[in-house]
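Beneath this line is the structure, given in structure tokens, with notes to follow.
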Amino acid sequence: MLKITPSIASADLLNIQSEIKKAEQTGRLHFDMEDGNFSPDITFGVDLARQIAAVTDVRIDAHLMVTCPQKYIPQLMDCKVKDIAVHLEAVEYPSECLGLIHAGGGRAGLALNYGTPVSAVEPWLDQIDYLLLQTCEAGDPTLSFKPYAMKKIQEAGEMIRQQGNAQGRIELWADGGIRREALPELEKLGLDCAVLGRAFFAE
């Protein structure tokens, strides 16, 4: 069954407590952390993540769109974040970050920008628990799901079905402008988890 993880960055932060309660209905919460450097936007940092984590017991995952993800990983794991995805494009040595996450007892993910080919992640498939695909381009003012993303999700699904790691099957995640009406088709393509922002909190 396709899981949904609501991105708190798209919530009404002036009413954060009620927004957290709404997200808790899914049993999950997603932190999109952007630093204004790797990604053109700035969302929030570890301090707010820590405050949010302190008032909820749901499973928390983080998508680090930052230039130095390794400095955030230990702090986030102290905030009860269980799943952390770092961008392949942001690190020279991905194995270092993946190792940090596993050493802390977490599940490690690699994220790919919209324009990065799926094949780029192959050298690290034996080290990851999930692959997160950006389904729109950071900096795009519309932040809308791109049709090409369907092809990319299908390609990634076919690739990871043939691979695995010591922890078991690699999960396929997608993040970026996803609408609820697209979820059935995405699930058919093999998607395991969809990050929903505006489509969740704007309801």
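Throughout, numbering of the chain's residues begins at 1 and tracks the sequence.
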Requested in this report: Give the minimum heavy-atom separation between T43 and E34, together with the two atoms involved.
Outcome: OG1-N, 2.9 Å

Query raised in the report: Going through the distances and angles, do R59 and D83 end up as a salt bridge (charged side-chain N to carboxylate O under 4.0 Å, His left out)?
Result: CA-CA 8 Å; R59 189 176 187 93; D83 310 301; 2.9 Å; yes

Report summary line: Sorted by chain and residue number, the side chain to side chain donor-acceptor pair (under 3.5 Å) partners of T67 (sequence neighbours excluded) come out as D35

Query raised in the report: Under the 3.5 angstrom rule, does the side chain of K22 hit a backbone N or O of F200 as a donor-acceptor pair?
Result: yes

Report task. Can you sort out the partners of R179 under side chain to side chain donor-acceptor pair (under 3.5 Å), two or more places apart, ordered by chain and number? Result -> none

Query raised in the report: So how far is it from C68 SG to L64 CG, rounded to the nearest 0.5 Å?
Result: 11.5 Å

Requested in this report: Working to the nearest 0.5 Å, report the span between SG of C193 and NE2 of H30.
Outcome: 8.5 Å

Requested in this report: Could you grab the distance from atom CD1 of I101 to atom CD of E96, nearest 0.5 Å is fine?
Outcome: 11.0 Å

Requested in this report: Would you please name every residue forming a side chain to side chain donor-acceptor pair (under 3.5 Å) with D12, sequence neighbours left out?
Outcome: N15

Query raised in the report: Does Y148 use its side chain to pair, donor to acceptor, with the backbone of G115 at less than 3.5 Å?
Result: no

Requested in this report: Test R107 against H102 for side-chain contact (heavy atoms from CB on, under 4.5 Å), laying out the working first.
Outcome: CA-CA 6 Å; R107 296 174 71 248; H102 283 142; 5.9 Å; no

Requested in this report: Decide whether L14 and I42 are clustered together by the hydrophobic rule: side chain heavy atoms of Ile, Leu, Val, Met, Phe, Trp, Tyr closer than 4.5 Å, transitively.
Outcome: no

Query raised in the report: If every non-hydrogen atom of L88 is compared with every non-hydrogen atom of P94, which pair is closest and at what distance?
Result: CD1-CG, 3.6 Å

Query raised in the report: Where the side chain of K152 meets the backbone of T116, is there a donor-acceptor pair that is under 3.5 Å apart?
Result: yes

Requested in this report: Answer yes or no: is there a side-chain heavy-atom contact under 4.5 Å between Q134 and L112?
Outcome: no

Report task. Report yes if the side chains of D61 and R28 come closer than 4.5 Å at any heavy-atom pair, otherwise no. Result -> yes

Report summary line: Closest non-hydrogen atoms of G157 and L172, given as atom of the first, atom of the second and distance, are N-CD2, 3.8 Å

Query raised in the report: Taking the side chain as C-beta and beyond, is there a heavy-atom pair between H63 and I84 under 4.5 Å?
Result: no

Query raised in the report: Do M159 and V121 come within less than 4.5 Å of each other through their side chains, counting heavy atoms only?
Result: yes

Requested in this report: Kindly indicate whether the side chain of L191, heavy atoms from C-beta on, has any atom under 4.5 Å from the side chain of L2.
Outcome: yes

**Report entry** Reported CH2-to-NZ distance for the pair W173 and K3, which is rounded to 0.5 angstrom
**Finding:** 6.0 Å

Report summary line: Residues V91 and Q70: closest non-hydrogen pair is CG1-OE1, 4.0 Å

Query raised in the report: How about I178 and L186: do any of their side-chain heavy atoms sit closer than 4.5 Å?
Result: yes

Query raised in the report: Hey, is the main chain of G109 close enough, under 3.5 Å, to the side chain of D129 for a donor-acceptor pair?
Result: no

Do any side-chain atoms of residues 71-82 form donor-acceptor pairs under 3.5 angstrom with protein atoms, and if so which ones, sequence neighbours left out?
| unit_1 | atom_1 | unit_2 | atom_2 | d |
| --- | --- | --- | --- | --- |
| Q75 | NE2 | K71 | O | 2.8 |
| K80 | NZ | A53 | O | 2.7 |
| K80 | NZ | T56 | O | 2.9 |

Query raised in the report: Got a donor-acceptor contact below 3.5 angstrom from the T26 side chain to the T5 backbone?
Result: no

Query raised in the report: Just wondering, are more than 12 heavy atoms of other shown residues or ligands nearer than 6.0 Å to CD in E24?
Result: yes

Requested in this report: With sequence neighbours left out, write down each residue that passes side-chain contact (heavy atoms from CB on, under 4.5 Å) with F44, or none if nothing qualifies.
Outcome: I8, A9, F31, M33, L48, A49

Requested in this report: List in chain and number order the residues that pass side-chain contact (heavy atoms from CB on, under 4.5 Å) with A103, two or more places apart in sequence or in another chain; answer none if no residue qualifies.
Outcome: none

Requested in this report: May I ask whether V46 and L13 are part of the same hydrophobic cluster, defined by side-chain heavy atoms of I, L, V, M, F, W, Y residues being less than 4.5 angstrom apart, directly or through others?
Outcome: yes

Query - Pair D32-S7, side-chain donor/acceptor within less than 3.5 Å - result: yes

Requested in this report: Keeping the roles fixed (side chain from S39, backbone from M65), state whether a donor-acceptor pair exists under 3.5 Å.
Outcome: no

Report summary line: All heavy atoms of L183 vs all of A194, minimum pair found to be CD2-CB, 3.7 Å

Requested in this report: Starting at OG of S95, measure out to CG of D126 and round the result to the nearest 0.5 Å.
Outcome: 8.0 Å

Query raised in the report: Between E122 and W124, is any side-chain donor less than 3.5 angstrom from a side-chain acceptor?
Result: no

Query raised in the report: Can you name the closest pair of heavy atoms from Y114 and A149 and give their distance?
Result: CE1-N, 4.3 Å

Query raised in the report: For the hydrophobic clusters of this structure (ILVMFWY residues joined by side-chain heavy atoms under 4.5 Å, transitively), does one cluster hold both V86 and Y93?
Result: no

Query raised in the report: For atom CD of E181, is the number of surrounding heavy atoms from other residues, nucleotides or ligands below 6.0 Å larger than 12?
Result: yes

Requested in this report: State, yes or no, whether a side-chain contact exists between L110 and H87 at a heavy-atom distance under 4.5 Å.
Outcome: no

**Report entry** Distance, nearest 0.5 Å, that separates CD of E187 from CE of M1
**Finding:** 7.5 Å

Requested in this report: Indicate yes or no: at least one non-hydrogen side-chain atom of E137 is less than 4.5 angstrom from one of N113.
Outcome: no

Report task. Consider only side-chain heavy atoms of I, L, V, M, F, W and Y, link residues closer than 4.5 Å, and tell whether L98 and L133 are in one cluster. Result -> yes

